[in-house]
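Only a predicted model underlies this, so the values are computations on that prediction, with no experimental measurement involved. Chain letters run A, B, ... following the sequence lines, proteins first and then strands; every chain starts at 1.
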Amino acid sequence: MTIEPIVQGRGIVKRYGHVTAINHSDFDLYPGEVLAVIGDNGAGKSSIVKAICGAVQADEGEIKIEGKPVHFTSPLQAREMGIEIVYQQLALSPALSIADNMFAGRELRKPGVMGSVFRQLDKKAMEKFARDKLTELGLMTVQSINQAVETLSGGQRQGVAVARAAAFAKKFIIMDEPTAALGVKESRRVLELIQDVRSKGIPIILISHNMPHVFEVADRVHIHRLGKRHAVVDPAKISMSEAVAIMTGAMEPPPVEEQQLVPKAAA
Amino acid sequence: MSESASKGQDYESSLSAATHQVAEFEKREGFVYKLQHGLHTNPALVPLIVLVLSIVVFGVLLGSKFFSPFALTLILQQVQIVGIVAAAQSLVILTAGIDLSVGAIMVMSSVVMGQFTFRYGIPPGIAVVCGLAVGTGIGAINGLLVTRMKLPPFIVTLGMWQIVLAANFLYSANETIRSQEISEKAPILQFFGSVIQIGSARLTYGIIFMLLLFAVLTYALTQTAWGRHVYAVGDDKEAAELSGMEANKVLVSVYALSGLICAFAGWALIGRIGSVSPTSGQLANIESITAVVIGGISLFGGRGSVLGSLFGALIVGVFTLGLRLLGADAQWTYLLIGVLIIAAVSVDQWIRKVST
Ligand SMILES: Nc1ncnc2c1ncn2[C@@H]1O[C@H](COP(=O)(O)OP(=O)(O)O)[C@@H](O)[C@H]1O
Ligand SMILES: [Mg+2]
């Protein structure tokens, strides 16, 4: 039995001037899984997920989503397909409130004439939704949903970005180092959230440097090295130190037939 | 893992106790901190306070000579043009840009309205629409150059200022259309000069238009998605784009709207001076930027309220008239305005500190 991947990238190349950030890399995300992506700084992890969601455009290669080739020119197009991403740089507008940030670019308007003719925002509805989502995720306690994001701590900001992605994703979520600024407690919440989202059948791409986290939640681990997919391993069959050794080039990856290029269920 | 998580919770609880203490400490410093916060959420408060204070001070010094419906509405008449242009400038500055072509667009639009009517015999109502379209078009070109060519707004509008001003002189052949001629043949061009007299107060349609314009822009900026996007793009364009806003569309709309508002200012200018003069309004650039800065809008973009610019323009008007009535040399006005500009930017820096 073969399962069609949600995302299938083949021979992706991305150059920034003279720097080749992604060098003919493949990428696969399968339904229902948590795919961790690990790799050294500068290996091209952020670049490849950005190429998938349209934040940057690949120079070569092919990306298919549910079997259909896509050529996103802006992250908005990916979003319209139900793809959400938590950027490493978070992509929040500091001066806007938490609620405004959650609804950036998909604001709700008031019902009736005020909304359709006068384009008035339904602030109440957006605030309620934002408050509910944050509480539901138990990510943090904030004084007010109308607080400007710039008044929040780094961890709270990350919480807003994660909540935004989780609230709106339909197809899959990309999280680029979502726990980097979080305390131990909040990191735990994010890991629980990842399990939650997976149990709803929405797959997740998780970029992280935190090996215990990766090994706890991932179904497969994509090891990225020098702009390429170096190996995909099963976290149950390999230790954290082996994964790190492969990632840094200190150890050869296992032979392809022992890798986990497709999930066990699909194999 | 669970062990480290519970350790983490201990760590967290001691941490939250620590933050609490800091918060209490800050509360002891009470008033200043609250003020800073209040100003952060209501950026138009400072210029409003300065405006009220300056009206009070000149009122006390000059009595009814200043504090009368006649004098106060005279100030409104004198600031209407700068006020309208400052509204346009505010929008652009909120996006972290600057529009140096506002004055040139204003004059060009008024010249188009006049010349289309008198040179080509086009019905004046249609000539007005043409003038508004020209202003919007020039603004849109600014926006396209900023977004498509990725040129800095300062450079784009510096160039556009020269181009439009030169085009204005070439096209009009430096020719003024006289007031009398306009009021006989095309009174609609002077529409904004019409006066509503209430006792000794003189309100022109231009003043009313300016006030309505600020009301509409305040609504659009605070109550619509477009307004949220204007602030977000000015704050951090890349973040706005990544979070799903169409930053370039927002920018083009802002520059085009700025052009349209400047064209309205050109129409109001005909009402104010009666004639169509290609040499008028040369100071509109610097005066509008002054009003915006005194009004507390940050030149770094993303912060401030458009109402602040109205207060900023009024402050300049109050100082100008007040000092003139006191018999002071006009240079004192410029000197004080210079002080106000520097003070306003210092306050802006101080308010920003609250966010860190
Ligand atoms: N916008 C950019 N402009 C130029 N070089 C970039 C840009 N983004 C990333 N790079 C370069 O591309 C390479 C891969 O970066 P990145 O994808 O961020 O790696 P990672 O997320 O794995 O740390 C690095 O060498 C980085 O310096
Ligand atoms: Mg990265």
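- Closest approach of B/Glu241 to A/Pro75, counting heavy atoms only: O-CG, 3.9 Å.
- The environment of CD in A/Gln57 is crowded: more than 12 heavy-atom neighbours from other residues, nucleotides or ligands sit within 6.0 Å.
- Per-residue heavy-atom pair counts under 4.5 Å with chain A were compared for B/Ala220, B/Ala239, B/Ala240, B/Gly227, and the maximum is reached by B/Ala239.
- In this structure, the separation between CE on A/Met126 and CZ on B/Arg228 is 8.5 Å, given to the nearest 0.5 Å.
- Listed by sequence position, A/Glu107, A/Met114, A/Phe118, A/Arg119 are the residues of residues 106-119 of chain A in contact with chain B, using a 4.5 angstrom heavy-atom cutoff.
- At most 12 heavy atoms of other shown residues, nucleotides or ligands fall within 6.0 angstrom of atom CZ in B/Phe154.
- Residues A/Gly105 and B/Met245 come closest through the heavy atom pair N-CG, 4.1 Å.
- Along residues 80-96 of chain A, the residues that come nearer than 4.5 angstrom to chain B, judged on non-hydrogen atoms, are A/Tyr87, A/Ala91, A/Leu92, A/Ser93, A/Pro94, A/Ala95, A/Leu96 in order of number.
- A pairwise comparison of heavy atoms in B/Leu242 and A/Ala55 identifies CD2-CB, 3.7 Å as the closest pair.
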